[in-house]
Amino acid sequence: MRMSSAIGLPAIILVVLAAELLSLGGVLEYRRPLLAAEPWRLWTGHFVHLSLVHAMLNAVALLLLDRLFAERLRASEFWLLLGAGPVLISLLLWVALPELEWYRGLSGTLHAIYFAGCVVWLKGSRDRARWLPLAALIGGLVKVLLEQPWDASFPFREWLGPVVPQAHLAGAVIGTAAGLVLASRRASRRPDPGAG
């Protein structure tokens with residue numbers, strides 16, 4: 001296990017669970033009318049949830065994504081996605097969904113990590129080994145597209161309570177873009193086999 005994951009992820013998970021247990025959602029959630037005066041909400045809104053079950057499920061998903069992409073995303077890349085992804089998703093929601101008044105949850109960021117990991121995995125695979133990351137990427141895309149209300153209605157009610165699937169789509173877009181940037185940076189750093 002990566003050292004940053006062994007120490008950092010449990011700390012993040014403790015913060016997520018503590019925020020829920022201490023009922024800090026109202027103070028930290030993405031709340032559109034308050035963003036100019038309280039810009040931290042662009043980031044903190046992704047680390048508070050609607051219920052303890054919601055927080056626990058997202059915490060488990062974060063651990064699973066760290067393990068799934070441990071060999072594909074460097075620790076610094078994983079933490080960059082976890083740190084910058086929430087702000088970028090919030091900004092995309094702010095621009096694309098002006099009617100969205102509030103948002104809580106890590107799931108948009110989880111989608112960003114998933115899609116970035118799949119793109120890096122796909123770009124780093126060769127020949128027949130490409131089918132699995134391609135299938136994972138297509139499966140994620142189908143999931144995100146099927147859950148969209150396509151009429152800008154939210155929150156969408158599921159068994160977890162109100163869900164904003166547009167945040168999943170925003171995470172997928174940002175994660176895909178991040179994955180392409182990360183993969184291209186890696187390709188540019190590889191030595192040219194014809195040089196020498």
Side-chain angles (χ1 to χ4, degrees), residues 1-35 37-70 73 75 78-94 97 99-117 136 139-140 143-144 146-149 153-175:
M1 181 179 272
R2 300 188 274 209
M3 182 57 76
S4 61
S5 299
I7 297 168
L9 279 186
I12 292 287
I13 289 167
L14 284 175
V15 167
V16 165
L17 297 176
E20 186 57 38
L21 291 170
L22 297 172
S23 300
L24 297 176
V27 178
L28 301 175
E29 72 185 1
Y30 170 102
R31 177 120 352 230
R32 187 179 181 89
L34 301 176
L35 292 177
E38 301 173 0
W40 64 81
R41 290 174 180 268
L42 292 168
W43 190 76
T44 59
H46 296 263
F47 296 92
V48 292
H49 294 80
L50 296 169
S51 69
L52 186 57
V53 170
H54 187 204
M56 289 172 22
L57 286 173
N58 277 345
V60 168
L62 182 61
L63 289 171
L64 291 175
L65 286 174
D66 179 58
R67 293 305 306 138
L68 177 63
F69 295 119
L73 289 174
F78 184 88
W79 285 98
L80 181 63
L81 289 163
L82 191 56
V87 173
L88 295 173
I89 292 165
S90 289
L91 290 172
L92 187 53
L93 292 174
W94 183 78
L97 291 173
E99 58 276 6
L100 180 64
E101 292 290 320
W102 63 272
Y103 174 76
R104 290 185 192 183
L106 194 58
S107 57
T109 303
L110 296 173
H111 281 75
I113 293 169
Y114 178 82
F115 278 84
K143 179 255 183 206
V144 167
L146 286 177
E147 70 185 2
Q148 295 306 307
S153 64
F154 45 77
F156 182 72
R157 289 197 120 6
E158 288 186 357
W159 67 276
L160 282 176
V163 174
V164 180
Q166 294 91 335
H168 301 172
L169 180 59
V173 168
I174 287 165

**Request:** I would like to know whether T109 and N58 meet side-chain contact (heavy atoms from CB on, under 4.5 Å); could you show each step before the answer?
**Result:** CA-CA 10 Å; T109 303; N58 277 345; over 6 Å; no
**Closest approach of E101 to P33 (non-hydrogen atoms, all atoms of both residues)** = OE1-CG, 3.3 Å
**Request:** Side-chain contact test, heavy atoms from C-beta onward, threshold under 4.5 Å: evaluate it for L42 versus W94 and give yes or no.
**Result:** no
**Asked** Between F47 and W43, what is the ring plane arrangement, given parallel below 30°, perpendicular above 60°, and tilted in between?
**Response** tilted
**Fill in**
Nearest heavy-atom approach of V16 to A55 is CG1-CB, 3.9 Å
**Prompt:** Could you give the distance from CG (L62) to CD1 (I113), rounded to the nearest 0.5 Å?
**Reply:** 5.5 Å
**Request:** Give, for atom NE2 of H111 and atom CG of L106, the distance between the pair rounded to the nearest 0.5 Å.
**Result:** 11.0 Å
**Request:** Would you name the heavy atoms of H46 and S90 that are closest together and state the gap between them?
**Result:** NE2-OG, 2.8 Å
**Message:** Between V48 and T44, is the side-chain contact (heavy atoms from CB on, under 4.5 Å) condition met? List the steps.
**Reply:** CA-CA 7 Å; V48 292; T44 59; 5.9 Å; no
**Fill in**
Note: Y30 and L100 closest approach over all heavy atoms is CE2-O, 3.9 Å
**Close side-chain approach of L9 and L82, heavy atoms under 4.5 Å** = yes
**Worked verdict on V144 versus Q148 for side-chain contact (heavy atoms from CB on, under 4.5 Å)** = CA-CA 7 Å; V144 167; Q148 295 306 307; 3.9 Å; yes
**Over all atoms of both residues, closest heavy-atom pair of V27 and W40** = O-NE1, 3.7 Å
**Message:** Quick check on side-chain contact (heavy atoms from CB on, under 4.5 Å): which of L91, V87, L92 does I174 satisfy it with?
**Reply:** L92
**Request:** Please lay out, stage by stage, how R104 and E29 fare under the test salt bridge (Lys or Arg N to Asp or Glu O under 4.0 Å).
**Result:** CA-CA 5 Å; R104 290 185 192 183; E29 72 185 1; 2.6 Å; yes
**Request:** Please report the shortest heavy-atom distance between G140 and F115, naming the atom on each side.
**Result:** C-CZ, 3.4 Å
**Derivation and outcome, side-chain contact (heavy atoms from CB on, under 4.5 Å), residues Y114 and L64** = CA-CA 10 Å; Y114 178 82; L64 291 175; over 6 Å; no
**Message:** Once you measure the plane-to-plane angle for H49 and H54, does it fall in the parallel (<30°), tilted (30-60°) or perpendicular (>60°) bin?
**Reply:** perpendicular
**Request:** Hey, could you give me the CD1/CG distance between I12 and L63, rounded to the nearest 0.5 Å?
**Result:** 11.0 Å
**Asked** So do the side chains of R32 and R41 get within less than 4.5 Å of each other, counting heavy atoms only?
**Response** no
